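Okay, structure first, notes after.
These figures come from a predicted structure and were not determined experimentally.
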Amino acid sequence: MDWKISESSISAALDAQVQALEAKLTFLKSFIPFANMRGTADIPALLLAHFEVVALNAARLSYMCSYWYDAEEMHNPQFYSMIYDQQQKIRAVDFHVYEIYKEVLRATRSSKSLHDRMMDKQILNNFNDSLISCLWELLCCSSSFVDSMKDEMRILYAGLRFLRSILRERQQKMDEENEKIGALLCDAGIIICSPSLNRVKEGEVSFSESTEALDCYDMLANTNVHIKHFKEQISGSSIIESIPSFHGLRAPEVSKTSSRMLSKGKMPIAHEVMVGLDDEAAKVIERLIWGPEQVEIVPIVGMAGLGKTTLAKKVYNDSSITYNFQIRLWCTVSQEFNMKSLLIQILCSNGKQSRMDEELKNLNEHELLHKLYQRLKTNRYLVVFDDVWDIKVWNELRISFPDDKKGSRIIFTSQSSNVASQVEYGGKPHYLRPLSEKESFELLQKKVFGKEDCPQALHGLGMEIAEKCRGLPLALVVVAGVLATIKHDICVWEEFAESLTSTTVSDAEQCKKSMELSYEHLPYHLKACLLYFAAFREDEKIGAKKLMCLWIAEGFVEIIEGKRSEDIAEEYLMDLIGRNLVMVSENRSIGGVKTCYIHDLIFEFCKGEAKEKKFLQVLRAYVELSTFNEPPNLPRLSICSRGRDFIESKLFCPYLGTLLFFGATPGYEFDLLNMSSLFCIYKHLNVLNLEGINLRLKELPTEVESLLCLRYLALTARHMKFIPPSVAKLSHLETFCLNSDATVSLPDSIWNMKKFRHIRVSFDCIIPFSSNENLSTLPNLDTLSTLRLCLDKEGENILRRIPNVRRLKIYNRVGQNTVCCNMSRLECLESLTLRSCIFFNLLEHVELSFPMNLKKLCLENLGLPCRKMSLIEQLPNLEVLKLRDQSTDRQNWELMEGGFPKLRVLTLEFANIVEWTETDPDSDDYFPCLQQLKLQRIFNLGMMPACLRSISTLETIEVSFCRGSVKFLVREIEEAQKNYGNENLKIIIID
């Protein structure tokens, strides 16, 4: 054996062999019952002998693989040799057996008497699944026979998947078709089991050398005709009406109904506009605070779009609630939920557990339930379960909620009052009322005109429009989104009011009609952007940067000379937010949106519209995957399922433009060794997102290079370390995201990929430095994280090759205790993170130059001497500064007068500062814009600058897990601020 073969190659080969054996066993298991059902009395001895050989080989390999994860055996060359030898003994195909398959299938032309129709139907279904799997393998081959017969084979593949959708139905009438389906499967099986085709598949003979080629092709064509006739026969029957109907998709043909854009700089307000909820909130708050001592569930009930979540948020953030409840937690449940993900969401919902996230993922459900119990025990807690559809969620979580008679409360928001009435501790539902006519107009006015009043000439029309929305807040804000973008003219508003007839905007159709109107008033470019939200999970908080990269890769974003596509995409997002179709979940610290989402009703609208417009197909779970009849020109496919379901569904959409895969459980990946077949099939992809599947490979598969149209590639491969130089063949690639737990080596050829805009590697990556003259650059690179380099002259030369980067994360490879790097040439840089591993050692020599446009700076483990902080204080545009994990030494940090002119957010975490002072305590020229101060795990701080006592802009001081002396200093600042008249300063202390 050649020991140059890598461990991952052997693993991949072993995995492929196991899959092949599994496929053989599955085929044999389905073939024999099918043959018996079709009238074969005796199965030939040779076939049974083949069955025995395959089973024994599978058993031997299974026994050997039982030692696969043994730590010592995994690195034992002898063990690898045994595995390799066993692989060689297992021959893929005994071609004589295929002749037996054909003989048996030719002999089984009629079914025997049917005693158990449902069992026969299952036998047909199992055999059809095996044929689909075998045909899929043939279609994935790159042999010449695929090119010669690919059209007819694809038709047969589609026909078999259609038969699968028929067989999955349970109507009685369908059993009458079993005889016809059995005959069709016999014909298809004879073709698929052709020894000639399978010799080609195994590479033993070319198609041109096969004497059976013509006969095989004729039978293939005839079988396709028979399946087509069968489909036509039942197309008018009641059977076909209940079969899942999936349309082919293409880019939407949309009209440019409105070209008006919101002002470029408009930012969404952080809080929602709330009208008519004060009295509702007061009632709920009273129940929460003054109710019985035992745990009680307070259900907030109302129809979709009535404002249940908005009310719950208002209550949750009320000052009286934060004062009375020691712990507040929040989770969004939705119709489909995963218990483990839900538990992690609850435990992390206070916003202070982000660094525990990975630790929590390694715990099982029982351990998470116990951890939640321990968190809540002995505390008065409030936990919100938003969007509850099924009482099952509470039944499974109930054990984690202790009742210590402290007046703890749980809020359910739900469309059903039954959800609350069925549970222990369930209280009387709080039914949320619709808004009154006056409140409806007030909300409409605020969303359309902001702080201004509605013009008197439009007042009557505004009242009429508000009245037709029947008091539904969601309908009102969506309609307001349209009114904000059309001309404020009487005739225009009259025309719009007429379209909102009272019959169309009533009952369950109210929100749907308003959404349809809002959608129709969207400019053509925003329609595609909005429908794209249907590709994600319901209630998912979507990263805005990721979303905009996808929009750009899809070609939704207009190319304008002199403007970055990311800026144009951000304008699109802000426009959708301004129209109240997209909601902000979290804002970025330096401005802009960090995460966003859409309301459940808008999500359902987008999903339906995307399907109807043939824009995007969404498949959920194995049932939809397995019965999906792929149209020939499917542009976009979004899949949310278990990884195994996706692989076993054997989808074949060779002209697919976008494939987005999301695992059934957010944050958890399905391990897979071999994805070569997928890369071989989908050669026309522009967008490929497989972050929900963990590729157990150390090197990017070479098959990826065949995806020449690729513009967006996102993968998860926890052990991947190498990207081959041939990746440069993907000349159109703009975004590359890799979730790896290892340092990834990028090739030198990456400098030739001029269209690169975003490179994100979750751990870090190394780009080799070339000392050649005429060094090429990546002029369009906008984001690079995380780049591993030394902050020295060589590192500086690498940074020169990304002149227009705006977001950059660097891991400093420390060789000596010196930093000498001039970054001032990166004039576009807005956000910079510098991480190092100096820990408690000081940097002896520091020469750092930062670009003047820098808005956000995060230092971690850098060991920067406090005397060098002036380098940062002098940055004129810095808005956010985060100093984490020994970013500075233990010396006194003395603030420079006039420093930090625009700093709004300052975070100190694990900082070793002992004395934090200012040069002139009597001066007020410090932190003129500071709004938020966050202190986390600060233990040695004994003095804080006096200027913090009088800064008028200060809004929040957050103290997490700090010593009592730090809390005392903060309370002194709070008292001083009150004396200066700042009654609104919020102090948050978390222990």
Side-chain angles (χ1 to χ4, degrees), residues 19-40 42-55 91-109 111 123-141 143 145-146 148-150 152-161 163-164 181-207 209-224 226-227 650 652:
Q19 288 183 22
L21 278 171
E22 184 180 3
K24 280 193 205 177
L25 288 168
T26 301
F27 184 84
L28 286 165
K29 184 181 177 182
S30 66
F31 180 86
I32 293 175
F34 177 77
N36 281 328
M37 187 193 78
R38 296 288 296 171
T40 301
D42 299 312
I43 302 298
L46 182 59
L47 188 57
L48 293 175
H50 176 66
F51 200 161
E52 181 181 3
V53 169
V54 174
R91 298 301 299 159
V93 179
D94 180 356
F95 293 110
H96 294 295
V97 173
Y98 283 108
E99 292 289 357
I100 303 297
Y101 288 150
K102 289 180 63 177
E103 290 176 12
V104 172
L105 291 172
R106 284 197 180 101
T108 58
R109 287 302 186 181
S111 295
I123 291 171
L124 289 171
N125 190 57
N126 291 343
F127 186 59
N128 186 47
D129 284 350
S130 291
L131 290 179
I132 288 174
S133 182
C134 292
L135 184 55
W136 187 81
E137 293 289 343
L138 290 169
L139 284 169
C140 291
C141 290
S143 305
F145 90 96
V146 174
S148 303
M149 303 174 68
K150 62 182 178 181
E152 290 294 337
M153 291 182 73
R154 286 171 184 165
I155 294 171
L156 177 60
Y157 178 81
L160 292 178
R161 290 187 68 92
L163 294 180
R164 174 193 270 173
I181 294 175
L184 292 172
L185 294 182
C186 278
D187 291 342
I190 291 170
I191 298 166
I192 293 170
C193 293
S194 166
S196 176
L197 294 185
N198 285 280
R199 282 194 177 96
V200 173
K201 177 186 170 186
E202 295 300 317
E204 295 197 5
V205 63
S206 69
F207 183 75
E209 296 169 347
S210 171
T211 57
E212 301 176 31
L214 189 58
D215 291 340
C216 186
Y217 184 88
D218 289 342
M219 188 171 184
L220 177 57
N222 289 333
T223 301
N224 286 335
H226 294 155
I227 294 177
K650 304 296 184 185
F652 189 79

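With values rounded to the nearest 0.5 angstrom, M153 atom CE is found 5.0 Å from L135 atom CG. A distance of 9.5 Å separates CZ in F127 from CE in M37, rounded to the nearest 0.5 Å. Here the CD1-CG distance, from I132 to L156, works out to 9.5 Å after rounding to the nearest 0.5 Å. Rounding to the nearest 0.5 Å places CG of L220 at 12.5 Å from CD1 of I190. Note that CD1 of I181 is 13.5 Å distant from CZ of R164, once rounded to the nearest 0.5 Å. Going from atom CG of L185 over to atom CD1 of I227 covers 8.0 Å, rounded to the nearest 0.5 Å.
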Checklist entry - Between F31 and C193, is a side chain to side chain contact (heavy atoms under 4.5 Å, CB included) present by the stated rule, with each step listed? => result CA-CA 11 Å; F31 180 86; C193 293; 5.5 Å; no

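Side chain of D187 to backbone of M219: no donor-acceptor contact under 3.5 angstrom is found. Side chain of N128 to main chain of L124: no donor-acceptor pair is present (N/O by atom type, distance under 3.5 Å, no hydrogens or angles).
Closest approach of I192 to C134, counting heavy atoms only: CG2-CB, 3.6 Å.
Partner I191 forms a side chain to side chain contact (heavy atoms under 4.5 Å, CB included) with one of L105, L131, T223 and no other, that one being T223.
Contacts of S130 classified as side chain to side chain donor-acceptor pair (under 3.5 Å), with partners at least two apart in sequence or in another chain: S30.
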